[in-house]
There are 2 protein chains.
Amino acid sequence: MDTPDTPDALETRELRYFLAVAEELHFGRAAERLGMAQPPLSRAIQRLERRLGVSLLQRNRRGVALTDAGEMLLHEGRAALDATTAAARRTRRAGGADRPGGSRNRLVLAVKAGAFHELLHKLLDAYAAEPDAAEIEVLPSGTCEQEEMLRDGRADAALMHKPFNSLAGFDSEELMTEGQIAVLPAGHPLAAHRTLSLADVSNIPGLPLARWARNGIYPPGPGPEIHDQTQLAQLIALGRTVAVFPDSARTWLWAEHTAVPLTDAPPVVTHIAWPAHSRSLALARLVRTATRL
Amino acid sequence: MDTPDTPDALETRELRYFLAVAEELHFGRAAERLGMAQPPLSRAIQRLERRLGVSLLQRNRRGVALTDAGEMLLHEGRAALDATTAAARRTRRAGGADRPGGSRNRLVLAVKAGAFHELLHKLLDAYAAEPDAAEIEVLPSGTCEQEEMLRDGRADAALMHKPFNSLAGFDSEELMTEGQIAVLPAGHPLAAHRTLSLADVSNIPGLPLARWARNGIYPPGPGPEIHDQTQLAQLIALGRTVAVFPDSARTWLWAEHTAVPLTDAPPVVTHIAWPAHSRSLALARLVRTATRL
DNA sequence: CCCTGTGATACCCGGCAGGTATCACCGAGG
DNA sequence: CCTCGGTGATACCTGCCGGGTATCACAGGG
């Protein structure tokens with residue numbers, strides 16, 4: 001495995017530049033976002049295109065459009081840039097550079113804020129009891145941010161919910177399966193039912209389903225746009241919306257909430273996931289502990 | 001998603017340099033491999049360590065050793081560098097820069113040289129019959145090189161054998177399962193048996209098991225070191241070695257070979273695998289075709 | 001004791017990354 | 001039809017840094 005053939009090897013800076021332009025579709029704004037002037041950006045992209053021997057952008061007089069090759073570089077480049085920043089972050093962490101007095105042996109576990117209370121407690125207790133256990137830092141993450149955190153190295157492992165999180169590209173182990181419940185305002189007529197179906201709750205007159213952001217995009221619908229769980233809890237308590245949650249969400253329900261099991265909702269499978277190429281002993285032990293719960 | 005925080009972002013060149021040093025554990029040789037002089041290399045690594053705020057190498061007067069952080073950067077950096085070169089390669093290919101008159105719509109399928117004859121034939125025929133099919137380039141790969149080829153962008157998909165190839169980090173679909181056979185010289189006494197066990201063939205007096213390289217490393221043992229299938233076929237025909245293969249290897253046996261089914265060998269599962277983040281329509285169609293065979 | 005081989009340092013040069021000023025072009029208004 | 005605003009591209013300059021050569025400092029082995 002000598003130097004295989006790296007005739008011209010796509011520098012990280014060029015990747016950052018291109019991604020900014022490809023996302024903004026505008027050289028000026030991209031340059032501003034990158035904290036630089038527009039001319040050097042234009043030149044850098046031109047040089048990149050020349051080096052790759054491929055046209056990445058179609059310059060219409062009014063803005064910019066991606067070519068097929070540009071589309072490809074947008075996707076692949078994001079993955080590559082994530083992998084690079086992940087390498088930097090994990091290396092810093094392995095060297096203990098993130099916190100002066102911190103242990104060199106730390107694992108960062110990404111957990112959706114507010115979820116997994118019970119499971120997480122058991123996991124942390126069980127792992128702490130292991131001999132020679134690493135320090136576990138629990139990193140609260142946004143709604144569907146765990147994948148990104150694993151990919152860019154902010155986290156070493158994550159607890160994920162199967163139908164909501166994509167496990168693509170990660171190794172994972174199944175931890176538990178649970179049903180789903182509808183969380184209703186306590187006073188609502190439907191709250192008296194023993195069970196409900198998805199159809200029952202998806203079109204309640206005057207009580208639209210809450211909408212969560214996926215990748216910063218809200219699905220269309222009449223319901224309110226939700227950012228965090230507390231906000232949602234309040235809106236439900238006020239009788240303004242309904243939401244569907246895994247069974248374990250019961251732990252954070254208020255007195256003004258009523259949980260009704262859903263008969264036909266797909267089961268939610270909780271996984272612990274980690275980057276497939278990971279070789280850390282501490283991580284392996286954490287996973288083993290988790291699967292034995 | 002503005003500029004998150006890129007205080008100092010690990011350039012590709014630095015990664016290449018560090019990997020060379022980490023693999024050689026010797027600045028001089030690494031510099032030679034990189035086609036540069038040793039002093040700039042030393043400085044680059046020092047700067048990298050300063051930027052990361054982490055010590056990567058322990059300089060003993062007699063050579064170099066990796067620290068924990070260095071070990072981490074060696075692993076993570078390899079993945080990152082692969083992702084980067086993959087991005088460059090796939091972008092070039094998407095732009096049709098690899099071959100002047102070539103179709104923009106090409107898929108590269110990595111196949112272990114000499115294996116999968118029958119399956120591959122059926123797959124290519126079935127796919128070619130699809131409407132709007134992309135051009136498939138079959139790329140012969142070394143013994144266990146397919147993972148690397150997917151990772152660094154030389155291939156878009158690969159046919160893999162489950163117990164031998166690692167599917168970690170890839171998406172995959174199962175295509176077929178088969179048993180394994182021992183391939184013996186036709187004249188050997190054991191060749192007369194209807195079946196054999198692994199124990200039978202692993203210690204035949206005067207007929208040691210052939211050894212294949214895995215990642216460039218040969219497992220220890222008395223048998224000959226094998227590089228390619230033709231060489232192995234010849235050595236078997238000459239009565240110098242035995243080998244174990246999936247059932248489908250029967251297609252390339254010589255008259256001087258005898259195949260004997262193994263009763264206790266683990267079954268071999270053939271998969272088609274591809275990078276988990278892939279979003280290509282042509283690839284999706286190829287996978288669908290493959291699973292329908 | 002010197003000789004050999006290691007990585008680090010000193011110093012120099014050229015190229016390229018980045019800045020400012022400006023151009024070339026087109027679409028929208030008047 | 002002409003002008004004006006906003007786009008990306010070009011021209012030109014400068015300073016930094018990547019890379020080279022020559023040399024040092026140091027440890028081991030004869």
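Chain A is the first sequence line, chain B the second, and so forth, proteins listed ahead of strands; every chain is numbered from 1. This is a predicted model, so every value here is computed, not measured. Computed from heavy atoms alone, side chains included, the values below leave out hydrogens, waters and symmetry copies.
Look at A:R285 and A:D132 and you find a salt bridge, because one of the NZ, NE, NH1 or NH2 atoms lies within 4.0 Å of a carboxylate O, short of that distance. B:E49 has a carboxylate O that lies under 4.0 Å from a charged side-chain N of B:R59, or vice versa, which qualifies the two as a salt bridge. For the pair A:E145 and A:R154, the salt-bridge criterion is met [side-chain N within less than 4.0 Å of a carboxylate O]. One finds no salt bridge joining B:E76 and A:R89 here, because no Lys/Arg side-chain nitrogen approaches an Asp/Glu carboxylate oxygen to under 4.0 Å.
Nucleotide C:dG5 holds its P atom 13 Å from the CZ atom of B:R29, rounded to whole Å. Atom CG of B:L48 and atom C1' of C:dG7 are 17 Å apart (whole Å). Rounded to whole Å, atom P of D:dT7 lies 13 Å from atom CG of A:L25. In this structure, the CD atom of B:E49 is 12 Å from the C1' atom of C:dG7, given to the nearest Å. Summarising the geometry, the separation between CG on A:L34 and C1' on C:dA17 is reported as 14 Å, rounded to the nearest angstrom. Rounding to whole angstrom units, CG of residue B:L41 and C1' of D:dT21 are separated by 16 Å.
For C:dG7, the OP1/OP2 oxygens have no side-chain nitrogen or oxygen of B:S42 closer than 4.0 Å.
Applying the salt bridge (charged side-chain N to carboxylate O under 4.0 Å, His left out) test to A:R151 and every residue at least two apart in sequence or in another chain returns nothing.
Looking at heavy atoms from C-beta onward, A:L15 lies out of side-chain contact with B:T12 at the 4.5 angstrom threshold.
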Find every protein N or O atom lying less than 3.5 Å from an N or O atom of nucleotides 18-20 of chain D, and list the pairs.
{"unit_1": "D:dG18", "atom_1": "OP2", "unit_2": "B:R47", "atom_2": "NE", "d": "3.4"}
{"unit_1": "D:dG18", "atom_1": "OP2", "unit_2": "B:R47", "atom_2": "NH1", "d": "2.6"}
{"unit_1": "D:dG18", "atom_1": "OP2", "unit_2": "B:R47", "atom_2": "NH2", "d": "2.6"}
{"unit_1": "D:dG19", "atom_1": "OP1", "unit_2": "B:Y17", "atom_2": "OH", "d": "3.2"}
{"unit_1": "D:dG19", "atom_1": "OP2", "unit_2": "B:Y17", "atom_2": "OH", "d": "2.7"}
{"unit_1": "D:dG19", "atom_1": "N7", "unit_2": "B:R43", "atom_2": "NH2", "d": "2.3"}
{"unit_1": "D:dG19", "atom_1": "O6", "unit_2": "B:R43", "atom_2": "NH1", "d": "3.2"}
{"unit_1": "D:dG19", "atom_1": "O6", "unit_2": "B:R43", "atom_2": "NH2", "d": "3.2"}
{"unit_1": "D:dG20", "atom_1": "OP2", "unit_2": "B:A37", "atom_2": "N", "d": "2.7"}

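When each of B:H26 and B:Q46 is assigned the nucleotide of DNA chain C with its nearest heavy atom, B:H26 is the one assigned upstream, toward the 5' end.
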